[in-house]
There are 2 protein chains.
Amino acid sequence: MRRGSAPGAAAAPGQDARPRGRSEQAELEPTPTRDRILDTALQLFTEKGFDATTLQEIADRLGFTKAAIYYHFRSKEDILMALHLRMHQLGVASLERMAEGPVTLEVWESLLSSLLDEMMAQRPLFLMHERNQAVLERIHRDNHEAQHEDLQARLREILSDPSISLRDRVRMSCSLGAVFGVLFIGGEALGPKSEELAPLLRDAIHDLLAR
Amino acid sequence: MRRGSAPGAAAAPGQDARPRGRSEQAELEPTPTRDRILDTALQLFTEKGFDATTLQEIADRLGFTKAAIYYHFRSKEDILMALHLRMHQLGVASLERMAEGPVTLEVWESLLSSLLDEMMAQRPLFLMHERNQAVLERIHRDNHEAQHEDLQARLREILSDPSISLRDRVRMSCSLGAVFGVLFIGGEALGPKSEELAPLLRDAIHDLLAR
DNA sequence: GTCTATATTTCGATAGAC
DNA sequence: GTCTATCGAAATATAGAC
């Protein structure tokens, strides 16, 4: 945190960090209002970035006040982390397959294929993530608990594995970038019909990885 | 601007927005100190993001105070815009070639090739730009003067051109993404030897665009 | 050109009523 | 569960001395 960082938060030591709101148990449970806050935040964080988005704006769009948000979330960062969690869980399946054996070009291609499906389905989440990398890294460093099991870390590990030829690792990076290229650079320019897009993208990736 | 936004700036109407500092003429001229500020800002904006970087930090790293920066730049945004300008000028050459004729896959490949050279040479600038997209767009919207002539706008135009087949536009997006993939995702993982990287990347791009 | 000191605003977060 | 009111902490930007 950088600004109004929990002014009265260091009140009683040994106390729970959560000042009020819902019980700790119920905290992660989705509720309609909670989800509406998350959806609105997702939109604004993507459009303007996390830092430039104020709780006031989120509240305004939802038709209630800033303070009400604090019943559902402990802090602004918590909202971002909840969104991060949503996305993070998507990567887990792919992640486990990546940990199983050696990553050949063929394995990579099939991994990318399932990743592509997930990204197509959850594009807004990935977009938000992409546009708030700096903030997310900052927060990740602070809570260096929750040692990922992080998709990005595992990717970097593979891409720096010297037992794979540099040529192949370049191809892997390219194919990964190609997915981002189509979803985020091409994005709306290519047209929103992901049904047509996906097979064309898969073909291109295949040309990149085959042989 | 969102926070301490020019408190006493709306003083005398009809007055120049620039309160003090160097003369308007000399303002864009590079000086050693100005460049040092820009270099430091480039680093911090990339590491932590524009919003999370304070003028205090920039000043601290340079060994003088916050206020001194205001002799060289009118505002924090001005620093970002100066960096944006640096990068923007790199794209101009490619941009003009793109405006000349119809963009075929062959033209695209050669454009990408020169863009790649520029990006390899000026990677930090592109990295900063990539990691501060949201802020840059916000500022661009505010100063909707300086109608770009913007690289990104022209790219989107091409990628949505219906006279090019969807298949080819997907390939173009892929190849563009591939460049980002190698430079920014693969990044340090692939190793810093851009001499080896460039030809491998060009080969991959060729496989994507040829035939 | 750089400093000290300060004005001004914004925003996250809390307290407590309802 | 949401509101009003307010606190406390930055951070941008300015004024004016040196």
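In what follows, chains are A, B, ... by sequence order, proteins preceding strands, each numbered from 1. Note that the structure is a prediction, hence the values are computed from the model and not measured.
- Within the nucleic acid shown, A:F64 comes within 4.0 Å of sugar-phosphate atoms alone, with no base atom in reach, counting heavy atoms only.
- Atom NZ in B:K76 sits about 13 Å away from atom C1' in C:dT10, given to the nearest Å.
- The CG atom of B:D51 sits 17 Å away from the P atom of D:dA10 (whole-angstrom rounding).
- If you take CD of B:E77 and P of D:dA13, they are 8 Å apart, rounded to a whole angstrom.
- In this structure, the nucleotide among C:dG12, D:dC3, C:dT4 sitting nearest to the side chain of B:T65 is C:dT4.
- Residues A:Y71 and B:L55 each lie close to DNA chain D; by heavy-atom proximity, the contact nearer the 5' end of the strand is made by A:Y71.
- C:dA5 atom P lies 13 Å from atom NZ of B:K66, rounded to whole Å.
- Looking only at side-chain heavy atoms (C-beta outward), A:V135 and B:K48 stay at 4.5 Å or farther from each other.
- Rounded to an integer number of Å, the gap from CD1 of A:I69 to C1' of C:dA13 is 12 Å.
- Rounded to whole angstrom, the span from the CG atom of A:L44 across to the P atom of C:dC11 amounts to 13 Å.
- Looking at the side chain of A:A67, the nearest of the listed nucleotides C:dT2, D:dT4, D:dT12 is D:dT4.
- Across D:dT4, C:dA13, C:dC3, the shortest atom-to-atom separation from the side chain of A:S75 is found for C:dA13.
- Between A:H129 and A:H84, the ring-plane angle classifies as parallel under the 30° and 60° cut-offs.
- Side chain of A:E57 to main chain of A:T54: a donor-acceptor pair is present (N/O by atom type, distance under 3.5 Å, no hydrogens or angles).
- Of the candidates A:L42, A:T46, A:L136, A:L42 is the only one forming a side-chain contact (heavy atoms from CB on, under 4.5 Å) with A:L83.
- Computed from coordinates, the A:I79 CD1 to C:dG12 C1' distance equals 11 Å when rounded to whole Å.
- The distance from atom CD of B:Q56 to atom P of D:dA11 is 9 Å, rounded to the nearest whole Å.
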